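Here is the structure we will look at, set down as structure tokens.
Predicted, not measured: the structure shown is a model, and the values here were computed from it. Heavy-atom basis, side chains included; hydrogens, waters and symmetry copies ignored. Starting from 1, each residue takes its place in the sequence as its number.
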Amino acid sequence: MAEPITDRDRAEVRRLHAEGKTRNAIARETGRSAATVSKIAAQEGLAFSGGARVAAATEARRADSAARREQLAEDSLDAALCQVEQTVGADSARDARDRATAARALTEVHVRVSELARHSGTGSTGGSMLDRLADALLGPAGGDEQGV
């Protein structure tokens with residue numbers, strides 16, 4: 001069973017809160033759980049403003065991730081187009097097939113990352129470019145009888 005909250009606990013939470021400590025920092029320093037610190041703070045009319053900092057950090061991380069997804073989508077599409085261009089001048093049928101396979105894999109990366117970006121509120125505008133790449137790889141009808 002948890003120790004009862006003492007007047008000393010309340011005074012320590014008030015003091016550390018006044019110093020600008022976070023709920024978790026106060027919990028570490030006092031040896032009490034974060035839930036206990038929250039309970040004391042609520043009883044004492046104290047609030048923790050860390051939520052705004054956390055929200056700002058979360059938003060910055062989200063924006064950074066969105067930018068990185070967008071860059072990955074662009075880079076994978078550029079690399080796929082490069083592979084398609086190099087297929088034309090391939091030294092052998094195997095080299096051409098390997099480049100086409102690489103282009104297809106890079107196209108899949110682009111599609112998946114673009115889809116993720118659309119679901120997360122940021123989107124790649126490379127759709128028409130992707131259509132041209134798919135046509136170059138698979139033909140306008142989406143492939144031939146051999147599935148190539």
**Item:** Closest contact, heavy atoms only, Ala100 versus Thr87
**Value:** N-OG1, 3.9 Å

**Item:** Non-hydrogen atoms of Phe48 and Ile26 that approach each other most closely
**Value:** CE2-CD1, 3.7 Å

**Prompt:** How far apart are the closest heavy atoms of Ala73 and Ser114, and which atoms are they?
**Reply:** CB-OG, 3.8 Å

**Asked** Should Val109 and Leu77 be regarded as members of a common hydrophobic cluster, given that ILVMFWY residues are connected when their side-chain heavy atoms come within less than 4.5 Å of each other, either directly or indirectly?
**Response** no

**Request:** Hey, could you give me the CD/CZ distance between Glu74 and Arg69, rounded to the nearest 0.5 Å?
**Result:** 13.5 Å

**Prompt:** If two hydrophobic side chains count as joined below 4.5 Å and joins carry through other members, does Ile5 share a cluster with Leu46?
**Reply:** yes

**Distance-minimising heavy-atom pair for Glu3 and Arg32** = O-NH2, 2.7 Å

**Prompt:** Thinking salt bridges, do Glu12 and Arg15 make one under a 4.0 Å N-O criterion?
**Reply:** yes

**Message:** Looking at every non-hydrogen atom in both residues, tell me the closest pair between Ala80 and Thr107 and how far apart they are.
**Reply:** CB-OG1, 3.7 Å

**Asked** When rounded to the nearest 0.5 angstrom, what distance separates CD in Glu29 from OG1 in Thr22?
**Response** 9.0 Å

**Among Gln86, Arg104, Arg94, side-chain contact (heavy atoms from CB on, under 4.5 Å) partner for Arg99** = Gln86

**Fill in**
Output for pair (Arg28 CZ, Ser33 OG), nearest 0.5 Å, gives 13.0 Å

**From CG (Leu72) to OG (Ser65), nearest 0.5 Å** = 12.0 Å

**Message:** Can you confirm whether the side chains of Gln43 and Arg10 place a donor and an acceptor under 3.5 Å from each other?
**Reply:** yes

**Request:** Mind checking the SG-CG spacing from Cys82 to Asp75? Nearest 0.5 Å is all I need.
**Result:** 12.0 Å

**Message:** Strictly below 4.0 Å, N to O, side chains only: are Glu108 and Arg112 in salt-bridge contact?
**Reply:** yes

**Asked** What heavy-atom pair brings Asp9 and Pro4 nearest, and what distance separates the two atoms?
**Response** OD2-O, 3.8 Å

**Request:** Look up atom CZ in Arg14 and atom CG in Leu16, then write down how far apart they are to the nearest 0.5 Å.
**Result:** 11.0 Å

**Request:** Show your working on side-chain contact (heavy atoms from CB on, under 4.5 Å) between Glu59 and Arg62 and close with a plain yes or no.
**Result:** CA-CA 5 Å; Glu59 178 58 25; Arg62 190 204 61 75; 2.9 Å; yes

